[in-house]
K.L.:
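Got a structure here, written out as structure tokens. Questions coming.
Convention: sequence-line order gives letters A, B, ...; per-chain numbering from 1.
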Amino acid sequence: MLQINKLRENIEGAIELLKVRNKDFTSEINGILSADDKRKASQSELDSVLAESNRLSKEIGDLFKSGKAAEASVLKQETVLLKEQSHALKEEMIEAEEEIKRLLYIVPNIPHVDVPTGKDDSDNKKIDEEGTIPNLHAEALPHWEIADKYGLIDFELGVKISGAGFPVYRGKGAKLQRALINFFLDEATEAGYEEVILPHLVNEASGIATGQLPDKEGQMYHTEVDNLYLIPTGEVPITNIFRDVIIKEIEFSHKLCGYTPCFRREAGSYGKEVRGLNRLHQFDKVEIVRVEHPENSYVVLDDMVEHVKSLLRKLELPFRTLRLCGGDLGFTAALTYDLEVYSAAQKRWLEVSSISNFETYQSNRLKLRFKNKEGKTQLAHTLNGSALALPRILAALLENNQDEKGVRIPEALVKYTGFDYLD
RNA sequence: GGAGAGUUGGCAGAGUGGUCGAAUGCGGUGGUCUUGAAAACCAUUGUGCGGCAACGUACCGGGGGUUCGAAUCCCUCACUCUCCGCCA
């Protein structure tokens, strides 16, 4: 959520930048500011009432000790009124605080100046494109048919065990999956990220801190009995490592990576968009997360994009980089780059990574701070990205590398798979 | 799942209802001493909110209550630990 004090420094500027999201937040922001004024006013008043009441309590204590019970009970009368006042003021203050919170939860992050205008994903700005799109032979198949033909994935079996969107990987398909996970983790570790293995179910506080709750409750699977949520992305447990943490400035930067399965309800998805591996309820992903000094975070964002690009190059996949436009930018992000690979048989670009700088939007909810040079606590910047999400990578690998007899495994993966060709 | 114990500042660990934001030790930071370091000694060292500041106020797991006054008493929830049971 946004920082009220920062907002005050440039109210018009914030409203202007938010317009890139195709919505006017003037009334919400004014609401926040006036509720904050109200909060301050009632708190000041409350503080002085409490100060008076504390003073009286001390006096009463002293009087009792010196045996002046009669005088003490006179003072007691006075505290009754103060108590009533303080209750009323506290209620006022809490009311204002709740209003602030309610509004802060519905105002998204302020987009970076570089965020292009646009309505939806068709307006995302292409930054670059690399690799060559393969010319497939006449009988080229989409990945779900390849997966079926060579016994790599059994979608029907997944339906039997769980339901649609829960594929079963078998044999070399499973091995390939594990190879990709190991490859991504090794590459991230090589790049200086510390690997972590974390819980796949998280509590409510974690969901709130990274912004999935309360706004996107319907996206997550929820276990009623224990009140835990299945993670929709590794971002949630990894970033929550830093909840309620004050780090020392010299401890920048933190670089973490982790493999997790991701669980998404994807309510409302249907049709060819969700065919095969395109959209699943459970999928595997390696996530990279960074906690950075505000001065460095945009350099770091580029560095993360570079890392992901290097993975795609090693996998020999054609890809393009997009800067998300205001209409497509996630709620909590200030700037996001998407990387898409070309899936040659489907003739579609598939999003395989989304890399974002959240600036202080997430850290404000996380209470993730650092001590700056003046010794003051200040919010750190958080960033994360997929490096990478597996299913669509697999889809592109299968489709792009197929020939009449089978599928070629890219060189970089062979030491992980132990085979270089699927047939 | 059953029985019991506990939750205090970065950590360890005191705390009779008022003088407790909280002893003490360790750690951290600054300094003295030293060629340098260690040791020793001195000082300092939680977070939020309001305030230019002085200062005020809140926070001793969360929430509620009793009281003029709660870290301390009561209720409730969560979590942790120990023993027993079950179990990969």
K.L.:
Using 30° and 60° as the class boundaries, would you call the ring planes of A:His222 and A:Tyr229 parallel, tilted or perpendicular?
P.N.:
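Taking A:Tyr229 first and then A:His222, their aromatic rings lie parallel (interplane angle under 30°).
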
K.L.:
Please report the distance, rounded to the nearest Å, between CG in A:Asn364 and C1' in B:G48.
P.N.:
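Distance, rounded to whole Å: 12 Å.
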
K.L.:
So what's B:C87 paired with, Watson-Crick or G-U wobble, going by both distances under 3.5 Å?
P.N.:
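With both distances under 3.5 Å required, B:C87 matches none.
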
K.L.:
Roughly how far apart, to the nearest Å, are B:U8 and B:A88 at atom P?
P.N.:
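Their P atoms lie roughly 35 Å apart.
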
K.L.:
Can you measure A:Ile94 atom CD1 to B:G63 atom P for me and round it to whole angstrom units?
P.N.:
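Those two atoms, CD1 and P, are 10 Å apart.
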
K.L.:
Looking at B:A40, which nucleotide sits across from it as a Watson-Crick or G-U wobble partner, both distances under 3.5 angstrom, or is there none?
P.N.:
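Its partner is B:U32 (Watson-Crick or G-U wobble, both distances under 3.5 Å).
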
K.L.:
Counting any heavy atom closer than 4.0 Å, what does A:Arg369 reach on the DNA or RNA strands: base, sugar-phosphate only, or nothing?
P.N.:
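It contacts sugar-phosphate atoms only.
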
K.L.:
Applying side chain to side chain donor-acceptor pair (under 3.5 Å) to A:Gln3 and A:Thr360, what does each step give before you reach the verdict?
P.N.:
CA-CA 8 Å; A:Gln3 301 176 77; A:Thr360 59; 2.9 Å; yes

K.L.:
Is the closest side-chain donor-acceptor distance between A:Tyr259 and A:Asp284 under 3.5 Å?
P.N.:
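Short answer, yes.
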
K.L.:
When both hydrogen-bonding distances must be under 3.5 Å and the geometry is Watson-Crick or G-U wobble, what is B:U72 paired with, if anything?
P.N.:
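Pair assignment: B:U72 / none.
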
K.L.:
Against A:Lys285, only a single residue in A:Thr233, A:Ile181, A:Leu390 fulfils side chain to side chain contact (heavy atoms under 4.5 Å, CB included); can you say which?
P.N.:
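The passing option is A:Thr233.
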
K.L.:
Measuring from A:Glu195:CD to A:Thr189:OG1, what's the distance to the nearest 0.5 Å?
P.N.:
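Reported to 0.5 Å precision, the distance equals 5.0 Å.
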
K.L.:
If you measure from the P atom in B:G51 to the same atom in B:G61, how many Å do you get, rounded?
P.N.:
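After rounding to an integer number of Å, I get 30 Å for this pair.
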
K.L.:
Using modelled atom types and a 3.5 Å cut-off, is there a donor and acceptor pairing between side-chain atoms of A:Glu399 and backbone atoms of A:Ala345?
P.N.:
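Flag set: sc A:Glu399 to bb A:Ala345 pair under 3.5 Å.
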
K.L.:
For B:U57, take OP1 and OP2 only and decide whether either is under 4.0 Å from a side-chain N or O of A:Ser44.
P.N.:
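So the side chain of A:Ser44 is outside the cut-off, no N or O lying under 4.0 Å from OP1 or OP2 of B:U57.
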
K.L.:
Where the side chain of A:Arg39 is concerned, which of B:C68, B:C49, B:U47 is the nearest nucleotide?
P.N.:
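Comparing B:C68, B:C49, B:U47 against the side chain of A:Arg39, the answer is B:C49.
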
K.L.:
To the side chain of A:Lys371, which of B:G46, B:G56, B:C68 is closest?
P.N.:
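That would be B:G46.
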
K.L.:
Base, sugar-phosphate alone, or nothing: which one does A:Lys58 contact when heavy atoms must sit under 4.0 Å apart?
P.N.:
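No contact.
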
K.L.:
Out of curiosity, A:Leu350 CG to A:His143 NE2, how far, rounded to the nearest 0.5 Å?
P.N.:
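These two atoms lie 8.0 Å from each other.
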
K.L.:
If we take the C1' atom in both B:G65 and B:G21, what is their distance in whole Å?
P.N.:
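So the two C1' atoms sit 24 Å from each other.
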
K.L.:
In residues 2-11 of chain A, what residues come within less than 4.0 Å of RNA chain B, judged by heavy atoms?
P.N.:
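Those residues whose heavy atoms fall under 4.0 Å from RNA chain B, taken from residues 2-11 of chain A, amount to none.
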
K.L.:
Kindly say if A:Arg55 contacts the phosphate of B:C68, meaning a side-chain N or O under 4.0 Å from OP1 or OP2.
P.N.:
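Indeed not, no polar side-chain atom of A:Arg55 lies that close.
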
K.L.:
Between B:G64 and B:U80, how far apart are the two C1' atoms, rounded to whole Å?
P.N.:
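Straight-line distance between the two C1' atoms is 23 Å.
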
K.L.:
Which base sits across from B:C55 as a Watson-Crick or G-U pair, both distances under 3.5 Å?
P.N.:
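Across all strands, the one nucleotide that pairs with B:C55 is B:G50.
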
K.L.:
Decide, yes or no, whether a salt bridge links A:Arg8 with A:Asp36 under the criterion of side-chain N to carboxylate O below 4.0 Å.
P.N.:
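Judged by the 4.0 Å cut-off on N to carboxylate O distance, A:Arg8 and A:Asp36 do form a salt bridge.
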
K.L.:
Less than 6.0 angstrom separating the ring centers of A:Tyr298 and A:His381, yes or no?
P.N.:
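Aromatic pair excluded; centres sit 6.0 Å or further apart.
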
K.L.:
Between atom CD in A:Gln378 and atom C1' in B:U47, what is the gap in whole Å?
P.N.:
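Those two atoms, CD and C1', are 16 Å apart.
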
K.L.:
How far does the C1' atom of B:C83 sit from the matching atom of B:A71, given to the nearest Å?
P.N.:
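Looking at atom C1' only, B:C83 and B:A71 are 29 Å apart.
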
K.L.:
Starting at CG of A:Leu228 and ending at C1' of B:A78, how long is that distance when rounded to a whole Å?
P.N.:
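In whole Å, B:A78 C1' and A:Leu228 CG are 13 Å from each other.
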
K.L.:
Determine the interatomic distance between C1' on B:C75 and the same-named atom on B:C86; round to the nearest Å.
P.N.:
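Straight-line distance between the two C1' atoms is 33 Å.
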
K.L.:
Would you jot down, in residue-number order, the residues of residues 200-213 of chain A having a non-hydrogen atom under 4.0 Å from RNA chain B?
P.N.:
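When residues 200-213 of chain A is checked for heavy atoms under 4.0 Å from RNA chain B, there are no hits whatsoever.
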
K.L.:
Sort out the partner of B:G27 for me: Watson-Crick or G-U wobble, both distances under 3.5 Å, none otherwise.
P.N.:
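Looking at the geometry, B:G27 pairs with B:U45.
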
K.L.:
In whole Å, I'd like the distance from the CG atom of A:Asp37 to the C1' atom of B:G50.
P.N.:
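To the nearest whole Å, that distance equals 13 Å.
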
K.L.:
Which of the following nucleotides, B:G50, B:G56, B:G69, is nearest to the side chain of A:Asp47?
P.N.:
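So the nucleotide nearest the side chain must be B:G56.
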
K.L.:
What is the nucleic acid contact for A:Thr79, judged by heavy atoms within less than 4.0 Å: base, sugar-phosphate only, or nothing?
P.N.:
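Sugar-phosphate, no base atom in range.
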
K.L.:
Nearest of B:G18, B:G48, B:G69 to any side-chain atom of A:Thr377?
P.N.:
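Nearest listed nucleotide: B:G48.
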
K.L.:
Can you tell me the pairing partner of B:U7 across any strand shown, Watson-Crick or G-U wobble, with both distances under 3.5 angstrom?
P.N.:
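Check on B:U7: paired to B:A78, both distances under 3.5 Å.
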
K.L.:
Check whether any side-chain nitrogen or oxygen of A:Asn54 sits under 4.0 Å from OP1 or OP2 of B:G69, and answer yes or no.
P.N.:
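Negative; the distance criterion is not met.
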
K.L.:
Specify the separation, in whole Å, of atom NZ of A:Lys76 and atom P of B:G69.
P.N.:
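My rounded result for the distance is 9 Å.
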
K.L.:
Roughly how many Å apart are B:U66 and B:C52, using the P atom of each and rounding to a whole number?
P.N.:
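B:C52 and B:U66 have their P atoms separated by 36 Å.
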
K.L.:
Sticking with atom C1', work out how far B:U7 lies from B:G18, rounded to a whole angstrom.
P.N.:
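My reading of the C1' atoms in B:U7 and B:G18 gives 25 Å.
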
K.L.:
Remember a base hit wins even if backbone is also touched, and classify A:Asp62 as base, sugar-phosphate or nothing at under 4.0 Å, heavy atoms.
P.N.:
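Touches nothing.
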
K.L.:
How would you label the contact of A:Ser53 with the nucleic acid (heavy atoms, under 4.0 Å): base, sugar-phosphate, or nothing?
P.N.:
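No contact.
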
K.L.:
Checking contacts here: which listed nucleotide (B:U57, B:C68, B:U47) is nearest the side-chain heavy atoms of A:Leu50?
P.N.:
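Output: B:U57.
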
K.L.:
Is A:Leu75 touching bases, backbone alone, or none of the nucleic acid, heavy atoms closer than 4.0 Å?
P.N.:
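No contact at all - A:Leu75 keeps every heavy atom at 4.0 Å or more from the nucleic acid.
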
K.L.:
Which nucleotide, in any strand shown, forms a Watson-Crick or G-U wobble pair with B:C20, with both distances under 3.5 Å?
P.N.:
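Here B:C20 is not engaged in any pair, so there is no nucleotide opposite it.
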
K.L.:
Under a 4.0 Å N-O cut-off, is there an ion pair linking A:Lys119 with A:Asp328?
P.N.:
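Here A:Lys119 does not pair with A:Asp328 in a salt bridge, since their nearest N and O are not under 4.0 Å apart.
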
K.L.:
Under 4.0 Å between a side-chain nitrogen and a carboxylate oxygen: does that hold for A:Glu59 and A:Arg55?
P.N.:
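A:Arg55 and A:Glu59: salt-bridged.
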
K.L.:
Please tell me whether A:Phe370 and A:His293 form a close aromatic pair, meaning their ring centres lie under 6.0 Å apart.
P.N.:
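So the answer is yes for these two rings.
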
K.L.:
Could I get the full list of salt bridge (Lys or Arg N to Asp or Glu O under 4.0 Å) partners for A:Glu92, not counting sequence neighbours?
P.N.:
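With neighbours one apart ignored, the set is empty.
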
